[in-house]
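One structure below.
Labels below follow one simple rule: chain letters A, B, ... track the order of the sequence lines, proteins then strands, and each chain is numbered from 1. The shown structure was predicted, so the numbers you read here are calculated from the model rather than taken from an experiment.
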Amino acid sequence: MSAVVAEHDDHHDDHDHGPAKGILRWIITTNHKDIGTLYLLFALAMFFVGGSMAMIIRAELFEPGMQFVDPQFFNSMTTMHALVMVFGAVMPAFVGLANWMIPMMIGAPDMALPRMNNMSFWLLVAGVLMLASTLFMEGGAPAGGWTLYPPLVLQTGKAFPFAVFSVHLLGISSIMGAINIIATILNMRAPAMTLMKMPLFVWTWLITGFLLIAIMPVFAGAVTMLLTDKFFHTSFFDAAGGGDPVLYQHIFWFFGHPEVYVMILPTFGVASTIIPVFARKPLFGYSSMVYATASIAFLSFIVWAHHMFTVGMPLAGELYFMYATMLIAIPTGVKVFNWTATMWKGSMTFETPMLFSIAFVVLFTLGGFTGLMMSIAPVDFQYHDTYFIVAHFHYTLVPASVFILMAAGYYWLPKWTGHMYNEKIGQLHFWLSTVSVNILFFPQHFLGLAGMPRRIPDYAIQFADWNMISSIGGFIFGASQLLFLYIVIDTIRGGTGEKVTDEVWEDAHKHGLEWTLPSPVPYHTFTTPPAVIPTEHI
Amino acid sequence: MSTNDAYYIPHKATWPIVGTSGLMIMLAGVANFLNGSPIGTTMIYVGLLMFIVMLGGWFALQSVESETGMYNHGVGISYRMGMMWFIFSEIMFFAVFFGTLWYTRNLSVPWLGGEGAKAATQQILWPAFEATWPTNGPGKVGGEFEPMGAWGLPFLNTLILLTSGVTCTWAHHGLLAKKRDQLIKGLLATVGLGFLFVAFQAIEYHEAYTEMGLTLGSGIYGSTFFMLTGFHGFHVCVGAIILSVVLFRSWKGHFQPENHFAFEAAAWYWHFVDVVWLGLFIFVYLM
């Protein structure tokens with residue numbers, strides 16, 4: 001907006017604006033690129049920590065019977081895997097992308113509140129450290145599922161208050177990050193960058209930021225009540241005192257449903273950014289994409305109880321939440337059709353970012369369909385708490401959110417580092433991941449429909465075959481991700497040695513401001529806002 | 001105002017890591033304390049001290065930067081947006097507890113009393129329970145208690161907070177009209193009324209605990225009553241401390257009619273706390 005039009009001031013002392021030396025650079029930095037890098041590297045590390053927990057789960061489930069871990073630890077693994085992946089890997093990765101890309105996409109010199117940006121990141125580290133420390137405590141890490149339902153979660157040992165406070169820290173971190181992103185988008189855009197010209201990644205993050213500020217305090221309130229129920233004699237979730245354990249579920253899912261959209265909306269944004277570049281066409285239906293994103297965000301607040309159809313709600317509640325949930329398919333369908341129409345008759349090429357994006361469109365749609373199945377309340381009575389739901393949300397998170405994060409990595413790494421990644425290994429990584437992720441999660445649909453419950457370390461003999469196949473897929477998928485780690489390190493250290501151009505991808509500079517900058521990107525960019533913005537993405 | 005047109009980007013921030021470490025040590029300390037570990041109390045003090053030092057240092061830095069004209073109009077907009085969205089997050093935090101009150105009063109307690117489709121719960125578990133409000137549930141958790149009335153101290157506190165909202169606005173008018181005297185008097189009155197509110201609430205809590213048998217453990221009524229009023233009282237304390245800092249800065253001659261973000265943020269926060277209290281007075285005390 002006009003308020004931030006900055007004319008370059010020659011008297012401004014520029015000598016102090018490089019990064020600090022050594023490790024201190026990363027601790028006290030306020031630079032959006034440094035902080036973005038910290039977020040992304042932290043998320044990558046947590047992706048492997050959470051992934052290792054998944055490997056333990058799949059190893060235990062390889063065969064019926066008890067093999068490697070005791071049931072308590074197994075349940076800790078399912079709980080911690082979810083918490084680490086949601087709060088430690090996927091969310092921070094998207095915040096990292098937001099930090100790196102939003103200022104560059106809107107022509108801003110940095111984030112709006114750079115000091116708070118630094119604190120958001122370190123609070124995230126503090127929260128995850130506190131969460132991880134519970135693994136080593138008397139009584140073990142939380143094992144009642146990532147939803148932390150009472151009364152089960154109140155049986156957690158010494159880890160309980162630490163888990164609650166880690167949620168508080170992660171919440172403060174997310175709220176600060178979201179406030180910063182919203183203020184940046186609303187206040188720091190180059191004058192020519194009107195709202196309806198913003199890249200969709202920026203749009204989706206604006207809406208995601210709103211979701212985060214609305215829901216993280218709700219989660220904080222819920223776990224605070226758990227804490228007082230455990231230590232200060234309150235009766236919020238205790239029927240004897242007039243409370244209700246189901247109340248916790250309502251509050252949790254009022255947070256939880258928008259929370260899953262916090263992970264998927266930026267995914268949509270990245271996909272909408274990448275697909276037009278490799279289809280060499282403008283995005284089909286730009287404004288409908290914006291409205292669809294806003295509709296999905298709105299609907300996310302009024303559908304929460306579809307997570308608890310079997311809890312014993314009044315019939316009117318079941319019906320309302322069933323129909324409201326089905327509505328989500330409309331704006332989501334708009335998006336899927338728009339991506340498809342963007343590719344229609346495009347001059348497509350299939351570099352790794354595009355491959356991951358196409359796989360996302362296909363496999364996310366599959367995950368969406370199973371979601372539609374479960375929205376039907378009477379049918380959900382069969383699916384509830386089985387491997388069907390595990391398959392469903394993993395399809396929407398792994399070959400959707402995680403695949404798009406991979407795509408984003410391949411897409412922007414050359415811009416960030418100035419080096420080209422190895423396309424052959426990238427494609428190998430893609431094909432191994434795509435094949436194995438389906439071997440991993442598709443059989444879980446069959447297991448769920450046949451009645452295998454989730455969060456159980458052992459199972460009846462009839463589930464043996466599909467579990468073994470699923471585990472094999474899991475091990476291949478896990479191992480394939482080491483290729484990604486290799487590529488990231490290799491690209492940072494020089495990659496193929498090929499000098500990348502400023503636009504990196506053919507005509508990318510017509511789609512986004514970031515491609516008009518040099519590769520690698522200088523430490524400070526857009527200290528004066530760009531006069532002209534590309535419009536091919538609209 | 002700023003003589004510099006460029007958006008101010010600070011470099012090399014040291015306070016965030018101090019604040020983060022302080023917060024983490026403090027919370028880990030509380031967790032240890034709750035687990036009965038002797039190290040907890042020490043950690044709480046160390047963490048709290050670090051956190052307070054961070055607040056002092058960071059806000060001092062910001063006020064110096066503001067007074068030396070390093071913030072232009074754009075920076076001011078970012079700060080105002082930040083404060084607005086922060087208050088929105090606080091609204092959502094209070095919404096959880098208001099929602100809890102609504103849910104228990106209108107759904108779960110009537111269900112326990114045999115209403116609607118949940119009649120079996122009552123017949124099988126607690127046939128003697130009659131759904132009323134206030135209640136400490138079918139288990140009579142926490143024993144006999146007397147509910148808190150609305151027309152004593154709580155009503156007085158309502159008047160106090162409403163008046164403080166007026167004095168705060170009066171101070172703002174003084175600031176805009178460059179009447180420094182009015183600014184300082186208005187802020188003094190606001191801060192004074194704020195702490196008076198907290199003092200009256202302390203008396204109210206003391207009466208509840210010692211004379212009325214009403215505690216945090218008095219079933220769902222005690223839980224919702226103390227959780228809602230307690231978090232509100234904490235916010236009044238925070239708001240009054242923020243206003244004290246603004247008062248101190250006004251004394252030192254800070255703030256101009258066109259540049260006084262800290263005053264505005266404090267005032268917004270204060271009005272937010274005021275509005276929450278009106279909700280509390282209606283839904284917790286009156287109804």
Side-chain angles (χ1 to χ4, degrees), chain A residues 3-4 6-7 9 12 16-17 20 27-30 109-110 112-116 118-119 122-123 126 129-130 158 161-162 165 168-169 175 179 182-183 186-188 213-218 220-222 225 228 231-236 238-244 246-247 250-251 314 527, chain B residues 4-7 9-17 19-21 23-24 27-28 30-31 34-35 58 73-74 77-79 81-82 85-86 88-90 92-93 95-97 99-100 103-104 107-109 111-112 116-118 135-139 141-142 215-217 219-223 227:
Chain A
V4 289
E7 284 170 38
D9 184 351
H12 198 61
D16 196 30
H17 288 187
I27 294 172
I28 64 172
T29 183
T30 56
D110 205 300
L113 304 159
R115 287 189 185 120
M116 193 169 81
N118 175 295
M119 192 153 181
W122 289 109
L123 280 171
L129 276 180
M130 201 177 269
K158 300 275 189 206
F162 289 93
F165 291 138
H168 285 140
L169 286 171
I175 291 168
I179 288 175
I182 292 181
L186 293 182
N187 192 31
M188 304 282 283
I213 302 173
I215 62 170
M216 293 313 295
V218 174
M225 287 190 273
T228 56
F231 292 106
F232 299 102
H233 316 293
T234 57
S235 305
F236 290 111
D238 179 6
D244 187 356
V246 176
L247 170 62
H250 280 293
I251 302 173
T527 43
Chain B
N4 189 351
D5 283 339
Y7 193 93
I9 308 286
H11 297 274
K12 302 187 176 82
T14 42
W15 290 117
I17 192 72
T20 302
S21 314
L23 199 57
M24 189 184 169
L27 288 178
V30 177
L34 292 173
N35 282 339
W58 195 334
H73 183 65
I77 290 178
S78 291
Y79 286 162
M81 281 181 180
W85 287 105
F86 167 66
F88 174 63
S89 79
E90 291 269 49
M92 293 307 291
F93 185 73
V96 179
F97 301 105
T100 298
Y103 181 93
T104 47
L107 296 173
S108 66
V109 169
W111 286 341
L112 285 171
K118 311 278 182 163
T135 183
N136 53 358
V141 173
T215 70
L216 191 58
I220 193 66
Y221 177 76
S223 306
M227 200 70 139

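Your options are B:Gly217, B:Ser21, B:Ser89, B:Gly222, and the one with the most heavy-atom pairs under 4.5 Å with chain A is B:Ser89. Interface summary for chain B: among A:Lys158, A:His233, A:His250, the most heavy-atom pairs under 4.5 angstrom belong to A:Lys158. Ranked by non-hydrogen atom pairs under 4.5 Å with chain B, the options A:Pro314, A:Ala112, A:Ala20, A:Pro114 are led by A:Ala112. When the candidates A:Ala240, A:Ser235, A:Gly243 are compared by the number of heavy-atom contacts under 4.5 Å with chain B, A:Ala240 comes out ahead. By number of non-hydrogen pairs under 4.5 angstrom with chain B, the leading residue of A:Ala222, A:Ala220, A:Pro109, A:Ala239 is A:Ala239. Heavy-atom pairs under 4.5 Å with chain A were tallied for B:Val109, B:Asn35, B:Val96; the largest tally goes to B:Asn35. Among B:Thr135, B:Leu23, B:Val141, the residue making the largest number of heavy-atom pairs under 4.5 Å with chain A is B:Val141. The candidate with the highest count of non-hydrogen atom pairs below 4.5 Å against chain A, out of B:Gly139, B:Gly219, B:Ser223, B:Pro138, is B:Ser223.
Nearest heavy-atom pair, A:Ile27 versus A:Asn118, reported as atom, atom and distance to 0.1 Å: O-ND2, 2.9 Å.
For the 3.5 Å distance criterion, the side chains of B:Tyr7 and B:Ser78 qualify, holding a donor opposite an acceptor. Counted by atom type alone, A:Thr234 and A:Thr228 present one or more donor-acceptor pairs between their side chains at under 3.5 Å.
In this structure, chain A has heavy atoms under 4.5 Å from both the backbone and the side chain of B:Ala28. For chain A, the nearby part of B:Trp111 is the side chain; its heavy atoms alone come within less than 4.5 Å. Heavy atoms closer than 4.5 Å to chain B are found in the side chain of A:Phe231, but not in its backbone. Heavy atoms closer than 4.5 Å to chain A are found in both the backbone and the side chain of B:Met24. When heavy atoms are compared at a cutoff of 4.5 Å, A:Met216 does not approach chain B at all. At a 4.5 Å heavy-atom cutoff, the contact between A:Ile251 and chain B is made by side-chain atoms alone. Heavy-atom distances place the side chain of A:Ile175, and not its backbone, under 4.5 Å from chain B. Proximity to chain A (any heavy atom under 4.5 Å) is shown, for B:Leu27, by both the backbone and the side chain.
Note that CD1 of A:Ile28 and CH2 of B:Trp15 are 12.5 Å apart. Values are rounded to the nearest 0.5 Å. In this structure, CZ on A:Arg115 lies 10.0 Å from NE2 on B:His11, to the nearest 0.5 angstrom. Residue A:Phe236 holds its CZ atom at 6.0 Å from CD1 of B:Ile220, rounded to the nearest 0.5 Å.
Side-chain contact between B:Thr104 and A:Asp244 is absent, with no heavy-atom pair separated by less than 4.5 Å. Considering only heavy atoms from C-beta on, B:Met92 stays 4.5 Å or farther from A:Ile213 through its side chain.
Residues satisfying the side chain to side chain donor-acceptor pair (under 3.5 Å) criterion with A:Thr29, sequence neighbours excluded, are A:Asp34. When the ring pair (Phe, Tyr, Trp, His ring centres under 6.0 Å) test is applied to A:Phe165, the partners found at least two apart in sequence or on another chain are A:His168.
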